[in-house]
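These notes concern the structure reproduced below.
Predicted model, so just to flag it, every value in this text is computed and none were measured.
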Amino acid sequence: MQRSIHPSFRSVLADNEIVRVAGANHALGGLLAEEAGFQAVWSSSLEVSASRALPDASILSMTEYLEAAANIQKALRIPVVADCDTGYGGNLNVAHMVHEFEAAGITAICIEDKLFPKMNSFAAGGQTLLGTKEFADKIRTAKAAQATQDMFVIARTEALISGLDVDAALERARAYADAGADAVLVHSKVKTRDQVVGFLEGWDNRVPVVIVPTTYPDWHIDEIKQAGVSVVIYANQGLRATVSALRETYRSVYETGDSTAVENSIASVQDIFALQGLEAWQKLDV
Ligand code: SPV
Ligand code: MG
């Protein structure tokens, strides 16, 4: 029974025209995403905070997010892309973060151009951005801090989330790419793909583009590929599915007084054993 060895995110991106990434907050969730065929797992700040019943508002520490990402990565043969929020502070926090995530075997991190402490992109209320130059400096710091060529740094602009227009998002993304970002993530919370399509039309492909189609879920992967996107992150569908499934299961067991009604819709104990790799572990005990 050996632990999984995973390729770097950079090599997965080189081998795939489009990389599909699923959000998770623990190793088992990551394993199920891998089983479904995803090429990488997003260690989501929303999911990790929600798993602690806390808001996605820079409340947990860098160490806690690192532990979550590292635990997912240890179980997988596909790479984790770690959602590192704003980089947990200033430039030196970013450097420390890169050292720590890289040492833990994480090969891709994403930082966003909001102010620390940040608030989730979909929460009510305004968002304040860091200046373009200040965030470009964070990207420069992150790139200078990495120990290996493998480490992949995604610069995420929240320009559209904060109410700025597509031109502003493009200007920021260009500055981040020029500062050394390996890819740019453009996030949008409008209910159509229009803003992101506008961004892609103005983008000169100097680095790959990453999107998170949470509010425009009807954009099919083939069309996304056609539009020139390289990485798609389904950031929180797993978490939302878990909440629905647990809520319904607990409700049913409590209200009916036994668990007969849910038996056919929940995983078997044997299924859980298989996901745990129990058989291989038992063989280890010689
Ligand atoms: C996350 O999954 O934590 C993200 C995406 O950063 S979002 O929740 O849309 O901000
Ligand atoms: Mg996040």
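The heavy-atom pair separating Val41 from Ala24 by the smallest distance is CG1-CB, 3.7 Å. Considering every non-hydrogen atom in both Gly30 and Leu76, the closest pair reads C-CD2, 3.5 Å. Taking every heavy atom of both residues into account, Ala82 and Ile106 meet most closely at CB-CG2, 4.0 Å. When all heavy atoms of Asp113 and Ala159 are compared, the closest pair comes out as OD1-N, 4.4 Å. Pairing each heavy atom of Val196 with each of Ile211, the nearest pair is CG1-CG2, 3.7 Å. When every heavy atom of Pro213 is checked against every heavy atom of Ile233, the shortest pair comes out as CD-O, 3.3 Å.
In this structure the side chain of Glu112 never reaches within 4.5 angstrom of the side chain of Ile161, judged on heavy atoms. Val166 places a side-chain heavy atom less than 4.5 Å from the side chain of Leu160. Taking 4.5 Å as the limit, some side-chain heavy atom of Ser268 sits within range of a side-chain heavy atom of Asp271. A heavy-atom distance below 4.5 Å is not found between the side chains of Ser265 and Glu248.
Taking the charged nitrogens against the carboxylate oxygens, Asp137 and Lys133 do have a contact shorter than 4.0 Å, which makes a salt bridge. Between Asp178 and Arg206, at least one side-chain nitrogen of the basic residue sits less than 4.0 Å from a carboxylate oxygen of the acidic one, meeting the salt-bridge criterion. We find that Lys283 and Glu279 are joined by a salt bridge, their nearest charged nitrogen and carboxylate oxygen being less than 4.0 Å apart. Between Glu158 and Lys118 there is no salt bridge, since no side-chain N of the basic residue sits under 4.0 Å from a carboxylate O of the acidic one.
Hydrophobic clustering places Leu170 together with Val207 (ILVMFWY residues linked when any side-chain heavy atoms are closer than 4.5 Å, directly or through intermediates). There is a path of hydrophobic side-chain contacts, each under 4.5 Å, that joins Ile221 to Leu200. Cluster annotation: Met151 and Val231 are assigned to distinct hydrophobic clusters (Ile/Leu/Val/Met/Phe/Trp/Tyr, side-chain heavy-atom contacts under 4.5 Å, transitive). If you chain together hydrophobic residues whose side chains sit under 4.5 Å apart, Tyr216 and Val210 never meet in one group. A continuous path of hydrophobic side-chain contacts links Leu60 to Met97 [ILVMFWY only; heavy atoms under 4.5 Å].
Other residues, nucleotides and ligands contribute at most 12 non-hydrogen atoms within 6.0 Å of the OH atom of Tyr250. No more than 12 heavy atoms of other residues, nucleotides or ligands lie within 6.0 Å of CD in Glu171, so this atom counts as exposed by the packing criterion. Environment of CD in Glu67: sparse, with no more than 12 heavy atoms of neighbouring residues, nucleotides or ligands closer than 6.0 Å. The neighbour count for Ile59 CD1, taken as heavy atoms of other residues, nucleotides or ligands under 6.0 Å away, is above 12.
Although no hydrogens or angles enter the test, the distance criterion places no donor-acceptor pair under 3.5 Å between the side chain of Gln39 and the main chain of Val19. In terms of modelled atom types and a separation under 3.5 Å, the side chain of His6 and the main chain of Val80 share no donor-acceptor contact. In terms of modelled atom types and a separation under 3.5 Å, the side chain of Lys114 and the main chain of Thr86 share no donor-acceptor contact. Of the possible donor and acceptor atoms, none in the side chain of Gln195 sits under 3.5 Å from a partner among the backbone N and O of Arg193. Judged purely by atom type and a 3.5 angstrom limit, Asn93 uses its side chain to pair as donor or acceptor with the backbone of Gly90. Checking side-chain atoms of Ser51 against main-chain N and O of Val48 turns up a donor-acceptor pair under 3.5 Å. Side-chain atoms of Glu34 come within 3.5 Å of backbone N or O of Arg77 as a donor-acceptor pair. For the pair Thr215 (side chain) and Val190 (backbone), a donor-acceptor distance under 3.5 Å is present.
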(request) Could you please spell out the steps behind the side-chain contact (heavy atoms from CB on, under 4.5 Å) verdict for Leu275 and Leu32? (result) CA-CA 9 Å; Leu275 289 164; Leu32 292 168; 3.9 Å; yes

(request) Carefully, step by step, assess Val209 and Val184 under the rule side-chain contact (heavy atoms from CB on, under 4.5 Å). (result) CA-CA 5 Å; Val209 173; Val184 292; 4.2 Å; yes

(request) Report the C-alpha distance between Glu47 and Thr242 in whole Å, list the side-chain angles of each, state the deciding distance to 0.1 Å, and finish with yes or no for side-chain contact (heavy atoms from CB on, under 4.5 Å). (result) CA-CA 11 Å; Glu47 289 216 5; Thr242 303; over 6 Å; no

(request) Might you work through the side-chain contact (heavy atoms from CB on, under 4.5 Å) test for Phe152 and Ser8, ending with a clear yes or no? (result) CA-CA 9 Å; Phe152 193 93; Ser8 68; over 6 Å; no

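In the hydrophobic clustering, where aliphatic and aromatic side chains (Ile, Leu, Val, Met, Phe, Trp, Tyr) are joined below 4.5 Å either directly or transitively, Val253 groups with Val262, Ile266. Residue Leu164 belongs to a hydrophobic cluster whose other members are Leu129, with links defined by side-chain heavy atoms closer than 4.5 Å.
In summary, of the residues considered (Asp15, Asp182, Thr148), a side chain to side chain donor-acceptor pair (under 3.5 Å) with Arg10 occurs for Asp182 alone.
Summarising the geometry, atom CG belonging to Asp85 is positioned 9.0 Å from atom CG belonging to Asn120; distances are rounded to the nearest 0.5 Å. Annotation: the span from Arg156 atom CZ to Arg172 atom CZ amounts to 13.5 Å, rounded to 0.5 Å. In this structure, CD1 in Ile139 is found 9.0 Å from NZ in Lys143, a value given to the nearest 0.5 Å. Once rounded to the nearest 0.5 Å, the distance linking CD1 of Ile78 with CG of Leu31 reads 9.0 Å. In this structure, the separation between CG on Asp56 and OG on Ser45 is 3.5 Å, given to the nearest 0.5 Å. Ile18 CD1 to Ile224 CD1: the interatomic distance, rounded to the nearest 0.5 Å, is 6.0 Å.
Using modelled atom types and a 3.5 Å distance limit, the side chains of Ser44 and Asp83 yield no donor-acceptor pair. Judged by distance alone, the side chains of Glu263 and Thr260 never bring a donor and an acceptor atom under 3.5 Å apart.
Screening residues 10-65 for ring pair (Phe, Tyr, Trp, His ring centres under 6.0 Å), with sequence neighbours left out, gives Tyr65-Tyr88. Counting only residues at least two apart or on different chains, the ring pair (Phe, Tyr, Trp, His ring centres under 6.0 Å) pairs with a member in residues 159-196 are Phe122-His187, Phe135-Tyr176.
By the ring-ring contact (aromatic ring centres under 6.0 Å, His included) test, Phe101 pairs with no residue at all, sequence neighbours left out. Evaluation of the ring-ring contact (aromatic ring centres under 6.0 Å, His included) rule for Tyr234 yields no partner, not counting sequence neighbours.
Between Phe199 and Trp203, the ring planes are parallel. Angles under 30° get that label, and only those over 60° would be called perpendicular.
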